[in-house]
Visitor: 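Before I ask anything, let me first share the structure, which is written out below as structure tokens.
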There are 2 protein chains.
Amino acid sequence: MAYRKTPAEISRLDAARERLIACATEVVADVGWAQASVAAVADAAGIAAGSVYQHFSSKAELAVEVFRRAAGREVEVLGEVLAGEGDPVERLGRGVEVFARRALENRGLAYALLAAPAEPAVGAERLEFRRRYRALFAEVVREGVAAGQLPPQNAEITAAALTGAVGEVLVDPLGHPGEAAPQAAASQAPPQALLADLVAAALRCAGAPTD
Amino acid sequence: MAYRKTPAEISRLDAARERLIACATEVVADVGWAQASVAAVADAAGIAAGSVYQHFSSKAELAVEVFRRAAGREVEVLGEVLAGEGDPVERLGRGVEVFARRALENRGLAYALLAAPAEPAVGAERLEFRRRYRALFAEVVREGVAAGQLPPQNAEITAAALTGAVGEVLVDPLGHPGEAAPQAAASQAPPQALLADLVAAALRCAGAPTD
DNA sequence: GAAAGAAGTGAACCATCATTCAGACCTTCC
DNA sequence: GGAAGGTCTGAATGATGGTTCACTTCTTTC
């Protein structure tokens, strides 16, 4: 027994792992899941392909982690906005707007999270996260109905519709699959009109009176 | 010059091609794109793997043809309903209902068309067809607005939202990816409530007054 | 029936990656 | 310093699955 990982060593390894995840996320945002080979990701992180397996037992595991981190942030942000200040309808509108704005500000990643072809493990994760978005939306809708702000409705269905509507509206502006994404994708300001129209459609979908 | 395809021969080849497409469609509906290997498809059609290349120059070409045929039928049906009898709001409601009912009656195929992981060529085709759905919806929405039945709105955005909403609501009931679909999938009656709720959400989304 | 030319076959081929592994190189601890 | 046990490397390995091709079988035409 002449070796025990020292705290410094542990945090070094941890940092390496984090760095790998970060680089993988970037690669995925740039070129999509399909093109994000282990070699490419390792390369981006400046390590050998084999070293990836020091941190993850398979490519799928890494991919899932990348997805979870990124999607998790969005769920968190959306959750905070939806549970924030204001009446349910205001919150719903703000939630949709924030979600869409964030997606448009980071198109490559958003496309990867929402729609880009991916291996089955990531697909399953995507489904799971869509369920979470739906649950968040459903809660606000229920509150709106309870408060009499929204007409009676099946909140789950409305929530699913909202999730799908937001995703669909975003996917087209987000760029098409297969095509190499322009690398500096985080540039253009989100088109104000698109956001406004999307929010309006979302509010109508929940039955909020048209302004 | 001692051979020219006779009409009978030509139609035999044509029938073989059609049969191949039909069998491939079935395989895809059953097991999804990912599992629909050339070998599996050829097997289902009762021909050798190599013979597939008598009809299609690549697997992707066959896959695209399968997608186009199936998705084309849906576009056609939706188009007819949306352009049919009645005022715009009635037609929109009926269109959504018919679309959803058809999807639920043929879940495997619907899932493959709407959401199942697929090769890039099919993904591109999917995008194209979503654009067509959107165009169809947009037209009715515009008519509704023009007729004063619907509030002023960005019809394209609403249409995209409708497309996404319908897709999203359907995808969950349609069964999860990766899982082997039960083969006799065209059985259960479409849940009436789901359809009604979906139609209601869609109409709200376009701004039709809640009943 | 025989020549010419397809269509059909399926085993071999090949490209693509994820994954492994033997060896090189580091860290820890005595 | 050196033994023990890591981490890192990158070429070799292996699985998968689309595609090819030498060969067989069927059709047409004379």
Visitor: Tell me whether W33(A) contacts the main-chain N or O of A112(A) through its side chain, where contact means a donor paired with an acceptor under 3.5 Å.
Guide: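 Checked: pair present.
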Visitor: Is the shortest distance from a Lys or Arg side-chain nitrogen in R94(A) or E97(A) to a carboxylate oxygen in the other one below 4.0 Å?
Guide: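 E97(A) and R94(A): not salt-bridged.
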Visitor: By side chain to side chain donor-acceptor pair (under 3.5 Å), which residues pair with R19(B), not counting sequence neighbours?
Guide: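 Side chain to side chain donor-acceptor pair (under 3.5 Å) list for R19(B), sorted by chain: empty.
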Visitor: Measure the distance from CG on D43(A) to P on dC17(C) and round it to the nearest whole Å.
Guide: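 Nearest whole value for this atom pair: 14 Å.
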Visitor: Could you pull out all residues at least two apart from E26(B) that satisfy salt bridge (Lys or Arg N to Asp or Glu O under 4.0 Å)?
Guide: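 E26(B) satisfies salt bridge (Lys or Arg N to Asp or Glu O under 4.0 Å) with no residue once adjacent residues are dropped.
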Visitor: Once you round it to whole Å, what is the distance between P of dT7(D) and NE2 of H55(A)?
Guide: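 Between P of dT7(D) and NE2 of H55(A): 9 Å.
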Visitor: Given dT9(D), dT28(D), dT9(C), identify the nucleotide with an atom nearest to the side chain of A48(A).
Guide: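 For A48(A), the side-chain atoms sit closest to dT9(D).
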Visitor: Taking ring pair (Phe, Tyr, Trp, His ring centres under 6.0 Å) as the test, write out the residues that go with F137(B), two or more places apart.
Guide: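 Result, ring pair (Phe, Tyr, Trp, His ring centres under 6.0 Å) vs F137(B): none returned.
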Visitor: Do nucleotides 17-24 of chain D as a string where each nucleotide becomes B, S or -: B if the base has a protein heavy atom under 4.0 Å, S if just the sugar-phosphate does, - if no protein is that close.
Guide: -SBB----
Visitor: Whole-Å distance between dT25(D) C1' and E9(B) CD?
Guide: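 Those two atoms, CD and C1', are 12 Å apart.
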Visitor: Looking at residues at least two apart in the chain, or sitting in another chain, which of them share a side chain to side chain donor-acceptor pair (under 3.5 Å) with R126(A)?
Guide: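 For R126(A) there are no side chain to side chain donor-acceptor pair (under 3.5 Å) partners, ignoring immediate neighbours.
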Visitor: Indicate whether OP1 or OP2 belonging to dA7(C) is found under 4.0 Å from a side-chain N or O atom of S51(B).
Guide: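 For dA7(C), OP1/OP2 do not have a side-chain N/O of S51(B) under 4.0 Å.
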Visitor: Using a cut-off of strictly less than 4.0 Å, decide whether R12(B) has a side-chain nitrogen or oxygen near OP1 or OP2 of dT28(D).
Guide: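 Indeed not, no polar side-chain atom of R12(B) lies that close.
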Visitor: Test of understanding: with salt bridge (Lys or Arg N to Asp or Glu O under 4.0 Å), list the residues that count as partners of R130(B), not counting sequence neighbours.
Guide: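 With neighbours one apart ignored, the set is E168(A).
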Visitor: Hey, does the side chain of K5(B) come within less than 4.0 Å of dA7(C)'s phosphate (OP1/OP2), counting only N and O?
Guide: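 The answer is yes; a side-chain N or O of K5(B) sits under 4.0 Å from OP1 or OP2.
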Visitor: What salt bridge (Lys or Arg N to Asp or Glu O under 4.0 Å) pairs are there with at least one residue in residues 51-67 of chain B, not counting sequence neighbours?
Guide: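 Those involving residues 51-67 of chain B are E65(B)-R69(B).
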Visitor: What base-paired stems does DNA chain C take part in, with at least 3 consecutive Watson-Crick or G-U wobble pairs and both distances under 3.5 Å?
Guide: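 When the pairs of DNA chain C are grouped into runs of at least three, the stems are C:1-30 with D:1-30.
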Visitor: Rounding to a whole Å, what distance do you find between I10(A):CD1 and dT28(C):P?
Guide: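 One finds 11 Å between P of dT28(C) and CD1 of I10(A), rounded.
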Visitor: Going by number, which of residues 13-27 of chain B have a non-hydrogen atom under 4.0 Å from DNA chain C?
Guide: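 Close to the strand are L13(B).
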Visitor: Tell me the interatomic distance from I47(B), atom CD1, to dA7(C), atom C1', rounded to whole angstroms.
Guide: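 My rounded result for the distance is 11 Å.
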Visitor: Checking F129(A) now: which residues fulfil ring pair (Phe, Tyr, Trp, His ring centres under 6.0 Å) with it, not counting sequence neighbours?
Guide: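 F129(A) satisfies ring pair (Phe, Tyr, Trp, His ring centres under 6.0 Å) with F67(A) only.
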Visitor: Test: salt bridge (Lys or Arg N to Asp or Glu O under 4.0 Å). Region: residues 154-167 of chain A. Which pairs qualify, not counting sequence neighbours?
Guide: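 Passing the test, one end in residues 154-167 of chain A: R142(A)-E156(A).
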Visitor: Write down the distance between CZ (R4(A)) and C1' (dT28(C)), rounded to a whole number of angstrom.
Guide: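 Roughly 11 Å, once rounded to whole Å.
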Visitor: Side chains of residues 72-86 of chain A: which donor-acceptor pairs under 3.5 Å do they make with residues two or more places apart or in other chains?
Guide:
residue : atom : partner : partner atom : Å
E74(A)  : OE1  : R102(A) : NE           : 2.8
E74(A)  : OE2  : R102(A) : NE           : 3.4
E74(A)  : OE2  : R102(A) : NH2          : 2.8

